[in-house]
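Working notes for the structure below.
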Amino acid sequence: VVVTYLIILFVFFIVLHVLGYFITFWRGRKDRITATVSLTYMNTTLAIYIADKFFSEPNIMLPVILSIIPWIILLIPFKFEMRSLAKSKA
């Protein structure tokens, strides 16, 4: 169950990265990166708190808590991808 949740969450966060970058296609690179960060890196602490207060069932809390793993790990490749995009534009 945990592995399934993690796979789904990784796919979800990758989709958020891609959507965040391309949803503002008419904007400059800096604005597109800002949109990506704003869409992808939301306040997970607040999400955990709200989920715990209103939905204390484990099947709801587990994915919310596990979302921290891809949230943190995907920041690393995102950083390198943005650097490579910056080099290719220069």
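Atom CD1 of Ile8 sits about 6.5 Å away from atom OG1 of Thr4, to the nearest 0.5 Å. How far CG of Leu62 is from CD of Glu57: 13.0 Å, rounded to the nearest 0.5 Å.
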**Request:** Might you work through the side-chain contact (heavy atoms from CB on, under 4.5 Å) test for Asn59 and Tyr5, ending with a clear yes or no?
**Result:** CA-CA 10 Å; Asn59 63 330; Tyr5 280 142; 4.3 Å; yes
**Stepwise side-chain contact (heavy atoms from CB on, under 4.5 Å) test for Leu74 and Leu16** = CA-CA 11 Å; Leu74 288 174; Leu16 286 179; over 6 Å; no
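Sequence neighbours left out, the pairs with a member in residues 15-28 that pass salt bridge (charged side-chain N to carboxylate O under 4.0 Å, His left out) are Arg27-Asp31.
Hydrophobic cluster membership is shared by Leu19 and Trp71, with clusters built from Ile, Leu, Val, Met, Phe, Trp and Tyr side chains linked at under 4.5 angstrom. No single ILVMFWY cluster, assembled from side-chain heavy atoms under 4.5 Å apart, contains both Ile7 and Ile60. Met82 is connected to Val15 through a chain of hydrophobic side-chain contacts under 4.5 Å among Ile, Leu, Val, Met, Phe, Trp and Tyr, so both are in one cluster. Connection of Met61 to Ile68 is established within a shared hydrophobic cluster, with ILVMFWY side chains joined at heavy-atom distances below 4.5 Å, either directly or through further cluster members. The hydrophobic cluster containing Phe13 also contains Phe22, counting ILVMFWY residues as joined when their side-chain heavy atoms lie under 4.5 angstrom apart, directly or transitively.
Residues Ile76 make up the rest of the hydrophobic cluster containing Phe80, defined by ILVMFWY side-chain heavy atoms closer than 4.5 Å, directly or through other members.
Gly20 and Ala35 make their closest contact through O-CB, 3.4 Å (heavy atoms, listed as atom of the first residue, atom of the second, distance). Closest of all the heavy-atom pairs between Pro63 and Pro58 is CD-O, 4.3 Å. For Pro70 against Leu6, the heavy-atom pair with the smallest separation is CD-CD2, 4.3 Å. The shortest heavy-atom contact between Ala51 and Val64 is CB-CG2, 4.0 Å. Closest of all the heavy-atom pairs between Arg29 and Tyr21 is CG-OH, 4.0 Å.
Side chains of Ile69 and Leu9 form no contact here, defined as non-hydrogen atoms less than 4.5 Å apart. Taking 4.5 Å as the limit, some side-chain heavy atom of Ile33 sits within range of a side-chain heavy atom of Phe78. Residues Leu39 and Ile23 fail the side-chain proximity criterion, which asks for heavy atoms closer than 4.5 Å.
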